[in-house]
Amino acid sequence: MNIKKVGNVILAVKNLDKSLYFYHELIGLPIKNQRRSWIDLGTSGALLSLHPASLTAEHVGSAVGNVIMIGFRVGDIKSAVEELRGKGVTIYRDIVDRDAGKNAVILDPDEYLVSLFEPNFADKDQQTSGYHGFTPS
């Protein structure tokens with residue numbers, strides 16, 4: 001096996017239009033490809049792909065014991081959280097300051113956890129060394 005990188009993160013969503021509005025209009029991810037039942041968001045690196053969830057399977061988005069979390073780096077977490085709060089986005093956990101940076105967690109329309117992270121390290125493009133709970137370790 002020769003895996004080179006993560007290609008996309010796929011979310012099964014209850015309402016494609018609501019999720020598109022959240023990730024494109026509220027979060028600001030550009031639409032890369034859009035078909036009737038599949039939408040790719042992003043421009044470089046891994047894409048966030050949305051597709052309709054099963055109508056019969058149970059959906060659990062924010063179960064902490066089996067967490068699925070999408071993480072975005074932001075330039076100014078305080079203004080990002082204030083902007084999203086003003087747009088009616090649910091703040092699951094407000095800003096916490098850790099050694100690696102500041103972190104907050106919001107909920108998408110399907111109650112998936114979405115982490116916002118403002119790094120403290122000099123190279124803002126570097127990845128963190130890992131996550132512990134909901135915050136970078």
Side-chain angles (χ1 to χ4, degrees):
M1 183 178 291
N2 188 14
I3 296 174
K4 304 218 183 273
K5 66 176 185 171
V6 174
N8 57 345
V9 173
I10 303 167
L11 287 184
V13 299
K14 294 178 197 174
N15 184 312
L16 201 55
D17 293 332
K18 277 186 178 180
S19 293
L20 177 60
Y21 177 79
F22 179 85
Y23 287 103
H24 179 60
E25 298 296 331
L26 297 180
I27 299 291
L29 291 175
I31 298 170
K32 183 165 185 163
N33 297 306
Q34 183 172 4
R35 297 181 298 281
R36 189 178 62 161
S37 63
W38 189 276
I39 302 169
D40 291 323
L41 300 162
T43 54
S44 62
L47 298 176
L48 177 62
S49 300
L50 308 174
H51 77 92
S54 166
L55 297 176
T56 57
E58 180 182 359
H59 176 82
V60 180
S62 62
V64 175
N66 297 310
V67 71
I68 295 172
M69 186 180 302
I70 300 164
F72 296 108
R73 278 187 304 235
V74 298
D76 179 0
I77 195 159
K78 184 177 178 190
S79 66
V81 168
E82 288 173 4
E83 177 183 337
L84 293 170
R85 184 178 278 127
K87 292 179 177 180
V89 172
T90 300
I91 308 302
Y92 185 83
R93 202 215 45 233
D94 218 331
I95 300 168
V96 175
D97 198 355
R98 303 286 183 181
D99 289 342
K102 296 175 184 155
N103 173 256
V105 179
I106 61 175
L107 292 179
D108 85 350
D110 287 280
E111 297 187 337
Y112 285 117
L113 299 171
V114 178
S115 172
L116 305 175
F117 175 60
E118 178 187 338
N120 283 340
F121 36 82
D123 180 1
K124 302 292 184 189
D125 289 329
Q126 98 180 28
Q127 290 290 346
T128 64
S129 60
Y131 284 85
H132 177 71
F134 294 118
T135 60
S137 59

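Excluded from the calculations below are hydrogen atoms, water molecules and symmetry mates; all remaining heavy atoms, backbone and side chain alike, are included.
Under the side chain to side chain contact (heavy atoms under 4.5 Å, CB included) test applied with V74, the options I27, N103, V81, L116 reduce to a single match, L116.
Between M69 atom CE and D108 atom CG the span is 12.0 Å, to the nearest 0.5 Å. For the atom pair OG of S49 and CD1 of I10, the computed distance is 5.5 Å after rounding to the nearest 0.5 Å. The distance from atom CG of L50 to atom CG of L41, rounded to the nearest 0.5 Å, is 5.0 Å. Rounded to the nearest 0.5 Å, atoms CG (D97) and NZ (K102) are 5.5 Å apart. Residue T90 holds its OG1 atom at 8.0 Å from CD of E111, rounded to the nearest 0.5 Å. Residue F22 holds its CZ atom at 10.0 Å from NZ of K87, rounded to the nearest 0.5 Å.
No side-chain heavy atom of F117 sits less than 4.5 Å from a side-chain heavy atom of I77. In this structure, the side chains of L29 and H24 stay at 4.5 Å or more apart for every pair of heavy atoms. Within the 4.5 Å cutoff, side-chain heavy atoms of L26 are placed close to those of V89.
The two residues Q34 and L20 have their closest heavy-atom pair at NE2-CD2, 3.7 Å. Of all non-hydrogen atoms in P52 and S37, the two that sit nearest each other are CD-O, 3.2 Å. What you find for L16 and R36 is that their closest heavy atoms are CD2-O, 3.5 Å. Scanning both residues, I91 and I106, for their nearest heavy atoms gives CD1-CG2, 3.7 Å. Minimum interatomic distance between K18 and P109 (heavy atoms only, all atoms of both residues): O-CG, 3.7 Å. The shortest non-hydrogen separation linking L47 to K32 is CD2-CD, 3.8 Å.
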Next on the checklist: Go through it in stages, so that I can follow the logic: the residues are D110 and S19, the test is side-chain hydrogen bond (donor to acceptor under 3.5 Å, both in side chains), and I'd like the CA-CA distance, side-chain angles, deciding distance and then a yes or no.
Outcome noted: CA-CA 8 Å; D110 287 280; S19 293; 3.2 Å; yes
Checklist entry - What's the verdict on salt bridge (charged side-chain N to carboxylate O under 4.0 Å, His left out) for D94 and R85, showing C-alpha distance, side-chain angles and the deciding distance? => result CA-CA 10 Å; D94 218 331; R85 184 178 278 127; 3.0 Å; yes
Checklist entry - Should I70 and L48 be marked as a side-chain contact (heavy atoms from CB on, under 4.5 Å) after you check the CA-CA gap, both sets of side-chain angles, and the distance that decides it? => result CA-CA 9 Å; I70 300 164; L48 177 62; 3.9 Å; yes
Item to check | Worked verdict on L11 versus Y23 for side-chain contact (heavy atoms from CB on, under 4.5 Å) | outcome: CA-CA 11 Å; L11 287 184; Y23 287 103; 3.6 Å; yes
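Taking the six-membered ring where tryptophan is involved, the planes of W38 and H51 are essentially parallel, since the angle between them stays under 30° and well short of 60°.
Partners of S79 under the side chain to side chain donor-acceptor pair (under 3.5 Å) rule, at least two apart in sequence or in another chain, are D76.
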